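Predicted model, so just to flag it, every value in this text is computed and none were measured.
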Amino acid sequence: MLKMICLTAALGLALGSTATAADLTFDGRTARASAAADGGFQLHAPAHDVAIAAQPMRSHTQSTLFDALFALAQQEMDADRVDAIRDPAFNQGNPVPCDCFQTGERWPYVWTRDVSFAADLALSRLDPVRTRQSLLFKLSAARDGHTPGLLVAQDTGSGGSWPISSDRVVWFLAARTLLDDPSFADQVWQALQGTLAQDRAAVFDARIGLYRGETSFLDWREQTYPAWTRQDVRFIGDSFALSTNVLHYQALRLAARLAGERGDARAAQYAGWADALAVQINARFWREDAGLYMSYIGEAAHPVPYAKYDLLALSLGVLAEVFPTDRARRALANYPAVEGGSPVVWPQEAQQPIYHNRAVWPFVSAYSLRAARHLDDATRIQREIESLMRGSALAGSNMENYEMRHLAVHVDEGALSGPVVNSPRQLWSVAGYLSMVLEGVFGVEADGSVAPKLPTALVPPLFGTRGSIALDDGKTRYILKRPRTLEGQLLVARTIVRKGNTVTVQLMAQPTPAEPAPASASALYAPPTPAVPTPSRRGTTWSIPIPAHHVLWLDGGDVTASGTFSLRDDGHQHCLSFTRRDGALESLHSPMTCVGPQQHLAGAAQWTWTAAAPGRVRVRLRYDNPNGPINTGVTAAVKQLVVQCTDQPAQRASVVMPHSVGPQDSTAAVFDLPEGRCRFSLEDGFNMSALAHFSTYNGGKGGREGVLNQANVSALLVAPIAAAAESSR
């Protein structure tokens, strides 16, 4: 059994003597720091010693270790400053000139989401020039000859990248704080218009009211999605992820702001889209029985809730203020923690190795810390500060990730060993640590405002016998003065005095609202994913046997039944799946199966279909896309499916055919069709291979040899559906 860890003891107990607070012991391992004569430090990590040079920013606390780790993060940020980047999949592995931040010691390239989250956490405020240059590397014109303007590049990824992965809008989360440069601001505005327009056309589902696509950052399919997505990512492209929708919300808010500043009439439209999206986020991702927001939900054909939760999505939603405050507080309190901190996903999958599964990622912990500060959640603030310090101190670097219970950089468990991939001085981990010190401890925001929210439990190790602690950022000295008494859970500013380059904050105890009781994590692993339902038809009725401990889901809702469920043929297609419930935990869904009429129209380019009566249909393509592996590439095939019915205007919808292992179905398009004859045809669309950014890509097709947006289509599949099917959940 794994129990929730209640971190009520002061950090000083973990750091050793509060006289020097130079030691940290966790999981049987100890790290120690000592000050050097030159103003630097020596960190004695369990595996090796690290020499840390004097840095431009310096903290002055009772904890030598805290001050040393802050200097280490700055040193590692400097080591990630490069004048050229390289990756084996680009430019034949040769250097690409770029005064940029590289992603990490073992990742010497610039990736969209990594640099964007790192910029948002700390880089934009600490090195705005290099951060802009890093972000601009991910902007691109098209090379398809007809798409205008600039677009954000979605990096290589699941099923051939965008729009299976659709979180490239995270770029705008970083760019929004760097708009004081007029030239950069103009490029942001160009990219914002084009990128949002493409996403609205390709991944927005108007009936569900959400953007489709993979969870942001959690992009190793079977680590967080059902194992059956390992070789078929079509579901991921059809489903809806909380994190990706919150990032679209933030991008729409930025678009409304910039349009308003420019007198562009679309300001109201962008704002309206954002408002509507916030409503659907709350309506569709909240799970009342768990008191949490789900990481993702099923596709429009079967919009079922998934018992998977992720900390980044939750934190981003809190910070975007798309959640009602009471739900936000409850959800953050209910998100489980373990010995090492807050795992990035919950619950864990027993048959998956350690990477996103069973792991703490420092940059996500930093976002959780921000969210906790936003909600005055003292327990979570303390937990994330401790976790970030422990991981960095024991590893001797700001690693990409850690196993969640031991904060180890690798745990040997045979086939389940991990973290499978790891890197020292990972850029977003470095940025997360810097954010923790600047904001999380000293309360210094990017705009220079000061709003400390320091847990009283951290006062003994940080202050010791001192009356104050200080932060020098190279321009300003921030002094936090301790109060006479340490009542309550949080210390906040009572007075703030600015005099010259010094800001002095007198702390006081704040009566904090009662925090919801933390959820008990009584089990670590989700139940195994069930097999697909097996309907059998007799006459006009399907019978679906329901095994013990299984829940049957029909068209997005759960069915109250035991033994066998009967479903009558009503002329519409209906979709089914199973979950398994063991105690308080629920498995991920089985593969979906659908029953009911579906017409199979052979052919590769045009199809004719005659409707006996007006109605709604769901249309997919049967196809094969052999242009790349399931886990990477830029050649997901994106087409416009056009339907022209007699005496009706043409209707269009995007369909995506990701990389596949043999024939499978595409993502779905839904049309309302009149009675009579309709003709379906395909028009070309846009994928990431059409960006000039990928003209040097040599890790697969669609790069150096030119744009590739093709799949082998063999049939059109047409299924009548009930008009209310998409909103049944």
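Environment of CD in Gln351: sparse, with no more than 12 heavy atoms of neighbouring residues, nucleotides or ligands closer than 6.0 Å. Annotation: His410, atom NE2; neighbour count of heavy atoms from other residues, nucleotides and ligands within 6.0 Å is above 12. For CZ of Arg327, the number of neighbouring non-hydrogen atoms (other residues, nucleotides, ligands) closer than 6.0 Å is greater than 12.
Between the side chain of Arg616 and the backbone N or O of Ile721, no donor-acceptor pair lies under 3.5 Å. Without hydrogens or angle criteria, Ser161 side chain to Gln154 main chain gives a donor-acceptor distance under 3.5 Å. The main-chain N or O of Ala636 is found under 3.5 Å from a side-chain atom of Asn687 such that the two form a donor-acceptor pair. In terms of modelled atom types and a separation under 3.5 Å, the side chain of Thr667 and the main chain of Val656 share a donor-acceptor contact. Of the possible polar contacts, none joining the Arg622 side chain to the Ala602 backbone as a donor-acceptor pair under 3.5 Å is found. Put simply, the side chain of His302 gets close to the backbone of Gly556: a donor and an acceptor are under 3.5 Å apart. With hydrogens and angles ignored, the 3.5 Å screen pairs no side-chain donor or acceptor of Glu403 with any backbone N or O of Val411. Asn401 places no side-chain N or O within donor-acceptor distance of the main-chain N or O of Ala359, the cut-off being under 3.5 Å. Although no hydrogens or angles enter the test, the distance criterion places no donor-acceptor pair under 3.5 Å between the side chain of Tyr211 and the main chain of Leu277. One N or O on the side chain of Gln223 and one on the backbone of Asn357 form a donor-acceptor pair closer than 3.5 Å.
Annotation for Ala300 and Ile208: closest pair CB-CG1, 3.8 Å, computed over non-hydrogen atoms. The minimum heavy-atom distance between Val638 and Trp162, with the atom names listed, is CG2-O, 4.4 Å. Of all heavy-atom pairs spanning Ala561 and Phe565, the tightest one is CB-CD1, 4.1 Å. Considering all non-hydrogen atoms of both residues, Val233 and Thr229 come closest at CG1-O, 3.6 Å. Nearest heavy atom pair, residue Val643 against residue Cys645, reads CG2-SG, 3.9 Å. For the residue pair Gly340 and Ser387, the shortest heavy atom distance occurs at O-OG, 2.7 Å.
For residues 200-245, no residue pair satisfies the disulfide bond (SG atoms under 2.5 Å apart) rule, not counting sequence neighbours.
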Donor-acceptor contacts under 3.5 Å from residues 627-634 side chains, at least two apart:
residue: Asn627; atom: OD1; partner: Lys701; partner atom: NZ; Å: 3.4
residue: Asn627; atom: ND2; partner: Asn625; partner atom: OD1; Å: 3.1
residue: Asn627; atom: ND2; partner: Gln710; partner atom: O; Å: 3.0

Donor-acceptor pairs are to be reported for all side-chain atoms of residues 580-594 against protein atoms at under 3.5 Å, with residues two or more places apart or in another chain.
residue: Arg580; atom: NE; partner: Asp582; partner atom: OD1; Å: 3.3
residue: Arg580; atom: NE; partner: Asp582; partner atom: OD2; Å: 3.3
residue: Arg581; atom: NE; partner: Glu586; partner atom: OE2; Å: 3.3
residue: Glu586; atom: OE1; partner: Arg287; partner atom: NH1; Å: 3.2
residue: Glu586; atom: OE1; partner: Arg287; partner atom: NH2; Å: 2.5
residue: Glu586; atom: OE2; partner: Thr579; partner atom: OG1; Å: 2.7
residue: Ser587; atom: OG; partner: Arg580; partner atom: N; Å: 2.8
residue: His589; atom: ND1; partner: Ser577; partner atom: OG; Å: 2.8
residue: His589; atom: NE2; partner: Pro305; partner atom: O; Å: 2.9
residue: Ser590; atom: OG; partner: Phe578; partner atom: N; Å: 2.9

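For an aromatic pair to be called close, the ring centres must be under 6.0 Å apart, and Tyr306 with Phe235 satisfies this.
Both tests do not hold together for Arg221 against Tyr225: distance to the six-membered ring centre under 6.0 Å, angle to the ring axis within 45°.
Contact check for Arg380 versus Tyr335: side-chain heavy atoms found under the 4.5 Å cut-off. Between Tyr296 and Leu218, the closest side-chain pair of non-hydrogen atoms is not below 4.5 Å. By the 4.5 Å heavy-atom criterion applied to side chains, Val713 and Met657 are counted as neighbours. Side-chain contact between Trp361 and His356 is present, with at least one heavy-atom pair separated by less than 4.5 Å. Counting heavy atoms from C-beta on, the side chains of Val718 and Trp607 never come closer than 4.5 Å. You'll find the side chain of Ile354 stays beyond 4.5 Å of the side chain of Leu416, heavy atoms only. Residues Glu400 and Pro419 form no side-chain contact, since every pair of their non-hydrogen atoms from C-beta on lies 4.5 Å or further apart. Between Ser295 and Leu242, every side-chain heavy-atom pair lies at or beyond the 4.5 Å cut-off.
Checked options Thr244, Leu316, Leu247, Val246; the residue passing with Val170 is Leu247 (criterion: side chain to side chain contact (heavy atoms under 4.5 Å, CB included)). None of Tyr367, Phe363, Tyr355 except one satisfies the ring-ring contact (aromatic ring centres under 6.0 Å, His included) rule with Phe217; the exception is Phe363.
The side-chain contact (heavy atoms from CB on, under 4.5 Å) test applied to Ser536 returns Ser543, not counting sequence neighbours. Applying the salt bridge (charged side-chain N to carboxylate O under 4.0 Å, His left out) criterion to Arg234, with sequence neighbours excluded, gives Asp238, Glu299. The salt bridge (charged side-chain N to carboxylate O under 4.0 Å, His left out) check on Arg677 picks up nothing, with sequence neighbours excluded.
Considering CG of Asp310 and OG1 of Thr215, their distance stands at 6.5 Å, rounded to 0.5 Å. With values rounded to the nearest 0.5 angstrom, Arg168 atom CZ is found 11.0 Å from Asp155 atom CG. One distance of note links OG of Ser689 with CG of Asn709; it measures 6.0 Å at 0.5 Å rounding. Taking CG from Leu312 and OG from Ser365, the interatomic distance works out to 10.5 Å, rounded to the nearest 0.5 Å. Within the model, atoms CG of Leu552 and CD1 of Ile546 stand 4.5 Å from one another, a figure rounded to the nearest 0.5 Å. Atoms CZ and CH2, from Arg537 and Trp542 in turn, are 4.0 Å apart once rounded to the nearest 0.5 Å.
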Test side-chain contact (heavy atoms from CB on, under 4.5 Å) applied to Leu554 and Ile544, step by step: CA-CA 11 Å; Leu554 169 66; Ile544 304 102; over 6 Å; no
Worked verdict on Gln651 versus Leu673 for side-chain contact (heavy atoms from CB on, under 4.5 Å): CA-CA 9 Å; Gln651 299 180 54; Leu673 302 182; 3.8 Å; yes
Trace of the side-chain contact (heavy atoms from CB on, under 4.5 Å) decision for Gln280 with Phe240: CA-CA 11 Å; Gln280 292 304 317; Phe240 306 94; over 6 Å; no
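With respect to Asp672 and Arg207, a salt bridge is recorded, a charged nitrogen being found less than 4.0 Å from a carboxylate O.
In this structure, a donor-acceptor pair under 3.5 Å is absent between the side chains of Gln352 and Glu222. No hydrogens or angles considered: nothing links the side chains of Tyr525 and Glu349 as a donor-acceptor pair under 3.5 Å. No hydrogens or angles considered: a donor-acceptor pair under 3.5 Å links the side chains of Gln640 and Ser654.
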